[in-house]
Protein chains: 2
Amino acid sequence: MAKSQDPGAGLTAFHGARHAHTRCVGRALTRAEALCRRRGARLTYMRRRVLELIWDSHKAVKAYDLLDRLSESEKSVRPPTVYRALEFLMAHGLVHRVDSLNAFVGCSGSDEQHNAQFLICQECGEVSEMDGAAIGKAVARQAAEAGFNLRRQTVELHGECPACATR
Amino acid sequence: MAKSQDPGAGLTAFHGARHAHTRCVGRALTRAEALCRRRGARLTYMRRRVLELIWDSHKAVKAYDLLDRLSESEKSVRPPTVYRALEFLMAHGLVHRVDSLNAFVGCSGSDEQHNAQFLICQECGEVSEMDGAAIGKAVARQAAEAGFNLRRQTVELHGECPACATR
DNA sequence: ATCGGATTGTTATAATATAACATTCTTACG
DNA sequence: CGTAAGAATGTTATATTATAACAATCCGAT
Ligand SMILES: [Zn+2]
Ligand SMILES: [Zn+2]
Ligand SMILES: [Zn+2]
Ligand SMILES: [Zn+2]
């Protein structure tokens, strides 16, 4: 499945400047609500607020930037509040941590738990999540060959997105 | 080449407790010296010292642990000193940063510049560097398909090393 | 209504990393 | 040699990222 070529539905699409981003946000929030309802988890005001802020763009966001932006609307928010929200969102697969950036990005995948890979544009900062089956398999095979019991993978690819590459 | 099965020469070998680690250290230092000589770079006392400490084990080492250990022998060493040494060693491909651990590990590769992948044991902390051509190719292909101009890859696989897995 | 667990608030601090400028060391050259 | 320029290190301060510990509050179930 998902072998379609139509732009917008691609697995590894970058979004660039002008696109109907409201839809991206809407989709993410809808998914979060559904997923939390199904699991009996509480998508509280603060958690939803953090998720919205993360989805403000397709870039990875730093925890302390979230903190600043939250403090604009709510009254002074402290680090633990943000980190707890992030912890919750990550535990439920709604947000990923990008280790090589110390930053967080909304999960644009669909299935519940997945090992995501990321394409990270060094120019514009946009992050695109892939579910690269090919990479996943190559990784799994190499690990197996080394007698390694694979649990979790961090695959973060840095370079230039299509838009920035052709500039 | 390098299709041999003899332990110690494998591309993805974990080392475990008892092995002739002096040789690992010796090899690393010899390589560092040769490489620096070739490039006209200066492997100063501090840089060599940091490299030795990193090679004290096959685990990834935290910058502040290096700091502490340096401060035992030399008189109080400060963060910039360590980070500068690390910066130099990384610039010359003698040390890698493991982003998912905020830690540093000696490069056990042989060729000059390479995109390494790491197997990281969650139990014993040992890190094994791979030059997984298969992974590298899968990654390159996926990036190309997305129109992405790949510059650098972070591939860090967490799990259990052979020794810890069979325990 | 109220109890218990989950969530958030609050204060403090740990852990990781860099900026900026002073000092010392090395090397090349006169 | 002596010395000047650049490289490396020392030093002080601070930025950035993250967590510990305990108090207050919220919220749903009885
Ligand atoms: Zn969007
Ligand atoms: Zn870009
Ligand atoms: Zn060894
Ligand atoms: Zn192990």
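Proteins come first, then strands; the chains are lettered A, B, ... in the order of their sequence lines, and each starts at number 1.
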Could you give the NE2-to-C1' distance, from B:His92 to D:dA7, as a whole number of Å?
12 Å
Can you name the residues that form a ring pair (Phe, Tyr, Trp, His ring centres under 6.0 Å) with B:Phe88, not counting sequence neighbours?
B:His92
If we count only N and O atoms by modelled type, under 3.5 Å, do the side chains of A:His158 and A:Ser100 hold a donor and an acceptor together?
yes
From CG of B:Leu67 over to C1' of C:dA15, roughly how many Å is that when rounded to an integer?
12 Å
Please report the distance, rounded to the nearest Å, between OH in B:Tyr83 and P in D:dA15.
17 Å
In whole angstrom, give the distance that lies between atom CG of A:Asp68 and atom C1' of D:dT16.
12 Å
B:Lys62 side chain near C:dA15 phosphate (N/O to OP1/OP2, under 4.0 Å):
no
Are any protein N/O atoms closer than 3.5 Å to N/O atoms in nucleotides 7-14 of chain C? If there are, list each pair with its distance.
| residue | atom | partner | partner atom | Å |
| --- | --- | --- | --- | --- |
| C:dT7 | OP1 | A:Arg47 | NH1 | 3.3 |
| C:dT7 | O5' | A:Arg47 | NH2 | 3.3 |
| C:dT8 | OP1 | A:Thr44 | OG1 | 2.4 |
| C:dG9 | OP2 | A:Thr81 | OG1 | 3.1 |
| C:dG9 | N7 | A:Arg84 | NH1 | 2.8 |
| C:dG9 | O6 | A:Arg84 | NH2 | 2.4 |

Here the distance between atom C1' of C:dT26 and atom CG of B:Leu43, to the nearest Å, is 15 Å
Whether the side chain of B:Arg47 engages the backbone of B:Arg42 through a donor-acceptor N/O pair (distance < 3.5 Å, no angle test) should be reported.
yes
Answer with yes or no whether the side chains of B:Gln142 and A:Gln117 bring together a donor and an acceptor at under 3.5 Å.
no
How many whole angstroms separate atom CE of B:Met90 from atom P of C:dT16?
15 Å
Taking NZ, NE, NH1 and NH2 as the nitrogens, is one of them in A:Arg49 or A:Glu52 under 4.0 Å from a carboxylate oxygen of the other?
yes
Gap between atoms CG and P, on B:Leu101 and C:dT16 respectively (whole Å):
11 Å
With sequence neighbours left out, what residues match B:Phe104 under ring pair (Phe, Tyr, Trp, His ring centres under 6.0 Å)?
none
May I have the distance from B:Leu89 (atom CG) to D:dA8 (atom C1'), rounded to whole angstrom?
14 Å
